Every structure is written in C-alpha cells, then in structure tokens.
Amino acid sequence: MLAISLALALCAIQESNSLPTARQSDVRDPERRVIELEVAECGPIVEQIVDFNGSLSVWASSLDFDPKLVVEIAGRSEFQKDDDSGGGSTSWLRLQVEPGDAIGIMVRGAEVVGLAQLCIVEAPETTETRAAAKRAADELEEIDRLRSEGSLKEAHNRLSVLVEELIAVPKGKKSFALEDALWRSGHSAYQFSALSVANR
C-alpha cells in the first residue's frame, strides 16, 4: 500500500462529501497511463509503483482550469510541484525513479469541479542506454572542438556516425538519456548546417 502523507490525503476530500473520480483511458502501451480526472480543489490521488530504473514523466492538462501537479515519492521528505512547465497551462514533471518507488500524484487547481487529463509515461534506462549517452556527451565535446577549429568535414562525419549509433541502441526509443543526447546532437548539427543529420 502506498504511503501517502496525511496532508495529501486530506486535501483530496476537503470541502467535499465524496472523493473526486478518476478513470483510466484505454491505452494499450503498458509504459503509458492516461487518466481522466474530475478535479475540485484537489483531485483524487493516483498511485504508481515503479518497477524500473530511469525517469517518469508526469503531466496534466485541462480545458476547464489551470492544473497544478503535486507529487510525493514515499520516503522522500519533500513534495515535487509544478505549474505550467509543460507549455501553456500544462503542468509537467520528470522524476528520477528506481524499482520499488511508491508515488502519489495529485492534480489541483480547479475553483469548481473541472476535468483534467493526467499522463504518466515511463522512460526506462538500461546499461546500454546510459553508456551510449555518456559516449555521446564525450563525442559531442570532440565534435564541437573540431568544428571550432574549422575541421567541418570530420566533425560532420563523426556526428553522422554518432547519431546512427544512438538510433540503433537496443531499447533506446523510450530512453530519456538518449532522447537528450539526440536533441543535443541535432543542436550541434544545426550549428554548422548539417541539416541531413539534424533531421534524422
């Protein structure tokens, strides 16, 4: 059973005779949960037990109000909170997690009852994805050095090889570490107009 703090639990039922409701949408991807929430001042507590190493992206959006996220990981002393980091009125958090973490997620913010959508997406990391991300960081430093020295052809060739290696990493499509490495590779490509590489 998830150990959610008393303060978080009480918020979900204050000024209400019944708990707000939550309904999980029919999403076939086992690493992605989409939950439709009915939110008053506070929404229902959504629980998540982690069984992987990596990161968990959590965001909440609504057409009815400006949603705010409050997240508690059992055993950690502070709540994590966000308002609008996802762009517009969407709140967004990325949590570093490990197997056994018990997480409680609440959406807040509605002055009257409103509807919100909560998305929870897992981004598992493996030994291979972490190693590839580390290599990418080192290689990008070398590519930037070559570019600054005017060795554009060599820099372009090394960047092309790096991007293909990152794309080919097993189980890398949902890795945040590789997503970040590919984003930084694309930024490097645009700096010396290697558009074919940036568009990979």
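Position 1 is the first residue of the sequence, and the numbers go up from there. It should be emphasised that the depicted structure is a prediction, and the values quoted were computed from it without experimental measurement.
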Side chains of L56 and V121: does their closest heavy-atom pair fall under 4.5 Å?
-> no
Distance-minimising heavy-atom pair for L115 and D64 | N-OD2, 2.8 Å
Is it the case that more than 12 heavy atoms not belonging to E78 sit under 6.0 Å from its CD atom?
-> no
Between E122 and K174, is any pair of side-chain heavy atoms under 4.5 Å apart?
-> no
Residues V34 and C119: closest non-hydrogen pair is CG2-SG, 4.1 Å
Mind checking whether F176 and I167 sit in one hydrophobic cluster, side chains of I, L, V, M, F, W, Y counted as touching below 4.5 Å?
-> no
Sequence neighbours left out, what passes side-chain hydrogen bond (donor to acceptor under 3.5 Å, both in side chains) with E141? Give chain and number order.
-> none
Could you tell me which residues satisfy salt bridge (Lys or Arg N to Asp or Glu O under 4.0 Å) with D180, sequence neighbours excluded, listed by chain and number?
-> R184
In V46, V71, L69, I45, the residue satisfying side chain to side chain contact (heavy atoms under 4.5 Å, CB included) with M106 is I45
Do P99 and D51 touch side chain to side chain, with heavy atoms closer than 4.5 Å?
-> no
Note: E165-R135 ion pair, threshold 4.0 Å (strictly below) = yes
Short question: side chain of D101, backbone of E98 - any donor-acceptor pair under 3.5 Å?
-> yes
Residues two or more places apart in sequence or in another chain: which of them pass side-chain hydrogen bond (donor to acceptor under 3.5 Å, both in side chains) with E142?
-> R145
Joint cluster assignment, I120 & W59, ILVMFWY side-chain distance < 4.5 Å = no
So, do E72 and Q80 sit near enough that their side-chain heavy atoms are less than 4.5 Å apart?
-> no
Test item: E125 side-chain N/O and A177 main-chain N/O as donor-acceptor pair under 3.5 Å = yes
With sequence neighbours left out, what residues match S85 under side-chain hydrogen bond (donor to acceptor under 3.5 Å, both in side chains)?
-> D82
Would you say V161 and L159 make side-chain contact, with heavy atoms under 4.5 Å?
-> no
side-chain hydrogen bond (donor to acceptor under 3.5 Å, both in side chains) partners of R130, counting only residues at least two apart = none
Hydrophobic side-chain clustering at under 4.5 Å (ILVMFWY, transitive links): who's grouped with W183? Put none if nobody.
-> none
By salt bridge (Lys or Arg N to Asp or Glu O under 4.0 Å), D84 pairs with (sequence neighbours left out) none
Please report, to 0.1 Å, the donor-acceptor pairs under 3.5 Å made by any side chain of residues 88-96, with sequence neighbours excluded.
{"from": "R94", "atom 1": "NE", "to": "S57", "atom 2": "OG", "distance (Å)": "3.1"}
{"from": "R94", "atom 1": "NH2", "to": "S57", "atom 2": "OG", "distance (Å)": "2.9"}

Taking T129 for the side chain and G172 for the main chain, is one N or O donor matched with an acceptor at less than 3.5 Å?
-> no
Evaluate the side-chain proximity of I103 to V50: yes if any heavy-atom separation is below 4.5 Å, no if none is.
-> yes
Measuring from D83:CG to K68:NZ, what's the distance to the nearest 0.5 Å?
-> 4.5 Å
Quick one: CG on D144 to NE2 on H187, what's the gap to the nearest 0.5 Å?
-> 8.0 Å
Residue pairs involving residues 33-55 (criterion ring pair (Phe, Tyr, Trp, His ring centres under 6.0 Å); sequence neighbours excluded) | none
Mark yes or no for whether S151, through its side chain, and R147, through its backbone, hold a donor-acceptor pair below 3.5 Å.
-> no
Could you please spell out the steps behind the side-chain contact (heavy atoms from CB on, under 4.5 Å) verdict for R158 and L146?
-> CA-CA 10 Å; R158 291 181 70 154; L146 290 169; 3.7 Å; yes
Partners passing salt bridge (Lys or Arg N to Asp or Glu O under 4.0 Å) against K171 (at least two apart in sequence or in another chain) | none
Correct closest heavy-atom pair for A60 and P67 would be O-CG, 3.5 Å
Got a sec, which residues hit salt bridge (Lys or Arg N to Asp or Glu O under 4.0 Å) with E128, two or more places apart in sequence or on another chain?
-> none
